[in-house]
Each structure stands twice: as C-alpha cells, then as structure tokens.
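Throughout, a chain's letter reflects where its sequence line sits, starting with A, and its residues are numbered from 1. Basis for what follows: all heavy atoms, side chains included, without hydrogens, waters or symmetry-related copies. Because the structure is predicted, anything quoted here is derived from the model rather than measured.
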Amino acid sequence: MSWSWLIILLATYPWLFAADLLSDWTAHWGFNVFISGAAIVVPCSRLRRWQAVLFSGCVGFLFEARRPIPDGTLALALIAIAIFLTSNKPLLRNAPRLLRASLIVNFTATTIWFCATAFTLGQLSFNPLGAFLPQLLLQLITSALVSLILFWPLSLIQNSAMDYMNTPPANETP
Amino acid sequence: MDKNRQGAKASYVAFFVFVALWILAPSFVRMGTREAFVEFQAPALHLVAKGRDLARFWELKSKSSEELAAASRDLARINAALELKVRTLEDIRQENIRLRELARYTAPREFLTIVARVASRDSSSWWHRIILRKGRSDGIRPGCPVVFSDRVIGKVSLVHLNTCEVDLVTSPNFRCTAYLEGDEQGRIVLVSGLPANSLGTARAKIAVIPTDYVAPAGQSAKVVTTGMGGVFPAGLTIGTLDSNIRTTQEGNFKEGTLQPSRNLFSLQEVSVLVPIHPAAGEILLEKRYEDFQ
C-alpha cells in the first residue's frame, strides 16, 4: 500500500506530540524529550525504502519545525539513517536488535541536532571542561532513557498499524 | 541481495543529490517546508492548550462560594486602588502630551496590546522558547516585544498563522540594551541570553557595565529597558543584576548575570506589544514574508 507511510506517520504523531508535551514539562530543567530517532526504527524494518525515507523525513521535519535547528538538518540525517537501515534489514531482524538500533539512532540523531544548533550559535567546542560536552552528554542520557522507556509502546502501535495495512512483517532470519 | 545493494547505492546517490538541491534551494523553499510542518502541528497544540484551560476552569468552578467571595472581595479592593492610579496616570499623560507638543518632541512608539495564552514551552541548552496561541491572524508580527505586567519576557521570533514563537530573555538569540538601577549617569549596558546549563537556572549576561558602577547596597540592582533600538518601550523591568559582578579580561568593562524578573517557564498568559506603526525593519520582514507566501 503506497500510503502506508502516511498512515504510520499519523499513528506515530501522537507519540511525537506527547514527547513535545513532556518537553514542555521538562523545560524548567533545559531538557528536550527527543524520541524522533527511535520512532523511525520499526517502520524501517517493514516499510519499503522510499516509504521509510518519506516517513523519516517527515518525522525529522516535525521535530525541527518549531525549534531553531538549522533547516533540514535532522530530517536529512534521519533520511540517511533510514536508507542505511532499509538497506541492512538483517540488523533489525529481532526485538533486541530493534531496541539496540532505536538507542543508537536516537543517540546519533540527538548528537546531530544538538551539534548543528550549537554550531549555528558559535558554541560548538570540544573542550572537556567547557559547557558544550557536559550538556551534550546530559541530553544524550535523557534521549537514551526516553528511547528505552517509550520504544516498546511506540513499536506496538506502529506494528499494529502496519499489520492493519498488511505490510509484510520483518524477516526473523536474514 | 545484489539488487538490494544496487538499490541502496542508487538511494545514497539520490540522497546526496537531494542534499545538494536542499542547500542550493532558495530560502522560501526551506521556510515553506518549515511553515507547512508548523501548521500541521498547530491544531494539536491548540487542542491541548484549550484542554488545559478547561481543566483550570473546572478546577476554579469546584471552589467553594466562601473562597470565591473572598477572592472577589480582594479583587474589588485591588480594582479600587488601580482605578485611582489610572486617574492619576491619565492626568500625567495629558500633561506629558501637552509638554511634548510644546517642545516639539518626537512621540515614542505606540503599542497595541494583545493578550495571548501560552500553548507550550520548549527549552534546551541552545534555546528557551514559549509558543503562544495567537499569530499572524491576530496581528502579531516578528520582533514584537512580549511582556508580563511591566516585565520583559522576550521577543517574538517567528509568527505562524495562529501561533507564534517567543525567544525568552534567557535565550541565546535574545539581545537588548538596558539601564542599571543606581547608575545616575544612565549608561547603557547590553543584555544577551546565555546557553543554559541543563539542571541549572536559565540566565542572561549583562555586558559593558562601566568599571566605576557600584550596585545599590543591600539589594539587587534592577535592569530596565532603555527604549532605544525600537523594540522595547523604555522603563520595563528585564530582571535584576546578580551581586557577583566581575571585570572582563581586558579590564575595560565589568559583566554580570541577569536574574529574570520571574520564572519564565511558569507563565500562563503574556501580552504582546504590537507597534501601531511598523518600523522600517519590520516592513522589510513583512515584505520578505509576503514574497515567500
């Protein structure tokens, strides 16, 4: 079904929005609840490549639309990751691998948007005693925790939506 | 498998072509994409914010009549005091107008106040923002000052159809000029937001403090807007200057930290001051916006 990526996007959007509402709550502490990276992993394991690319691009644009992240940085990064994941589907063939992939993708995507924003503000610095690296580390820890907590319920919804649309399941064996 | 590899190669090539096109694309393409995704999310944002208001309404409705009577009595007292103040200020305003006419003094910018509810807050090390439930359709324009009572909250950075984004005083994108309380010579200092430490309080930096400046003893010096630069009206409180003022490395100025006048992330409602006559910069921004639409 050619529109399945859009339907999965609509099924995923409430989770992305819930993450935004959590960010509202954590705004006092300067944390952003980021789940967009983890959200592309399960669709990448089942959708066709072009569908996964469209889905990932939209997820990226949805996150960066209301934030001063350089235009397209996150969306393009997620598209590149989606191409990689759909070309290496054995990496996503079972549940533990999916969880590991979600952690890695969320980690990578966080690093990309965090560094890109810091770069535009002229704050990018790799001095271990400076402000940048500890902040990045804190944001990465938050992203990893969010990914660990929210990945299973999110994947359940995404899998149900894909089952409903008769999307072929991911191969258990390569 | 070979087919898959070939497909992957083709996809990577297409991706790099797309990245090149994206970089070379005119800015209205990027702005249009951003705007489309913002407008897609706007209804959900409105729905949640209205739900929050409804919850608050029912919470207030569940209060006992005694509590409501006490609150209304307090409000009546405050109203009476404010009415007196308004009359006094009206007299001063009339006199001010008369003196300005006599002196042929250029009138300061006049503002239209638009009250807006806060829909969402968003913060990271690199930005501190709130999203308001009013936008272009309500007359809000980019660059408008945002205040709460007589305190500066921030500046509108982006305006969408029914929402707008406000860069808070502590946001690294925020800049404005200010006067320090206790500086009788009225020298200008520069206030700019700072990247915040997560788990710490968001603050701003006050730079270009004269070396001979001494803060008033026993209290934090108030930092107020100058009215120069054409964004903020004069005399609004931005915050207070922390006591630890230090001399810069060059030794020609001092710098300190600004403590915002209130907790910026607990605000429920703010006022956007829209200049009645747009400044030249704003006209240019509007034109750019119209071109892109």
Side-chain angles (χ1 to χ4, degrees), chain A residues 13-14 16-18 20-21 23-32 34 48-50 52-53 57-58 60-72 75-76 79-80 82-84 86-89 113-114 116-123 131-132 134-139 141-142 174, chain B residues 1 4-5 7-12 14-16 18-19 22-23 25 27 29-31 33-42 44-45 48 118-131 157-158 160 163 165 167 171-173 194-202 263-266:
Chain A
Y13 180 66
L16 303 177
F17 188 67
D20 280 354
L21 292 182
S23 297
D24 179 324
W25 185 62
T26 57
H28 291 275
W29 299 290
F31 285 129
N32 216 286
F34 179 76
R48 296 174 72 182
R49 190 179 290 125
W50 69 270
V53 162
C58 286
F61 278 123
L62 280 172
F63 180 79
E64 60 180 49
R66 289 199 285 109
R67 294 171 177 93
I69 299 170
D71 288 324
L76 292 173
I79 288 173
I83 295 174
F84 175 78
T86 48
S87 310
N88 298 281
K89 284 196 176 176
W113 69 252
F114 197 89
T117 318
F119 179 73
T120 51
L121 288 170
Q123 299 284 339
F132 174 77
Q135 293 307 308
L136 175 63
L137 197 68
L138 278 170
Q139 184 64 55
I141 292 168
T142 317
Chain B
M1 199 64 183
N4 184 36
R5 273 187 192 161
K9 268 186 193 169
S11 302
Y12 283 123
F15 171 71
F16 286 117
F18 182 74
V19 171
W22 180 258
I23 293 167
S27 65
V29 174
R30 290 193 288 264
M31 279 172 80
T33 314
R34 186 178 276 262
E35 196 66 19
F37 280 92
V38 167
E39 293 306 338
F40 173 79
Q41 297 183 75
L45 207 63
V48 168
V118 176
S120 169
R121 300 149 192 89
D122 197 48
S123 157
S124 109
S125 301
W126 313 123
W127 66 79
H128 306 122
R129 295 187 147 193
I130 53 174
I131 293 162
S157 57
L158 276 173
H160 311 295
T163 53
E165 297 170 23
D167 267 334
S171 194
N173 289 327
L194 280 176
N197 288 329
S198 298
L199 301 173
T201 319
N263 186 353
L264 301 172
F265 287 114
S266 64

Most chain A-contacting option - heavy-atom pairs closer than 4.5 Å, from [options]:
options	answer
B:E165, B:Q41, B:R129, B:H128	B:Q41
B:S266, B:S157, B:A44	B:A44
B:V19, B:T163, B:L45, B:I131	B:L45

By a 4.5 Å heavy-atom criterion (distance strictly below it), what part of [X] contacts chain B: side chain, backbone, both, or neither?
X	value
A:I69	both
A:F17	side chain
A:R49	side chain
A:F84	both
A:T86	backbone

Report task. May I ask you to decide if A:G60's main-chain N or O and A:W113's side chain share a donor-acceptor pair within less than 3.5 Å? Result -> no
Query raised in the report: Counting N and O atoms only, with roles assigned by atom type, does the side chain of B:R30 sit under 3.5 Å from a partner on the main chain of A:D71, one being a donor and the other an acceptor?
Result: no
Could you tell me if the side chain of [Y] sits less than 4.5 Å from the side chain of [X], heavy atoms only?
X	Y	result
A:R67	B:S124	no
B:F18	A:L76	yes
A:P70	A:T117	yes
A:L138	A:F31	yes

Query raised in the report: Which answer fits B:W126, side chain, backbone, both or neither, if we ask what part of it has an atom under 4.5 Å from a heavy atom of chain A?
Result: both
Query raised in the report: What part of B:A42 lies closer than 4.5 angstrom to a heavy atom of chain A: side chain, backbone, both or neither?
Result: neither
Report summary line: Tested for side-chain hydrogen bond (donor to acceptor under 3.5 Å, both in side chains) against B:W127, the lone hit among B:D167, B:D122, B:N173 is B:D122
Requested in this report: Mind ranking A:P14, A:S23, A:G72, A:A118 by heavy-atom pairs under 4.5 Å with chain B and telling me who comes out on top?
Outcome: A:A118
Report summary line: Most contact-rich option vs chain B, by heavy-atom pairs under 4.5 angstrom, among A:L16, A:L62, A:L21, is A:L62
Report task. Indicate whether any N or O donor in one side chain lies under 3.5 Å from an N or O acceptor in the other, for B:H160 and B:E39. Result -> no
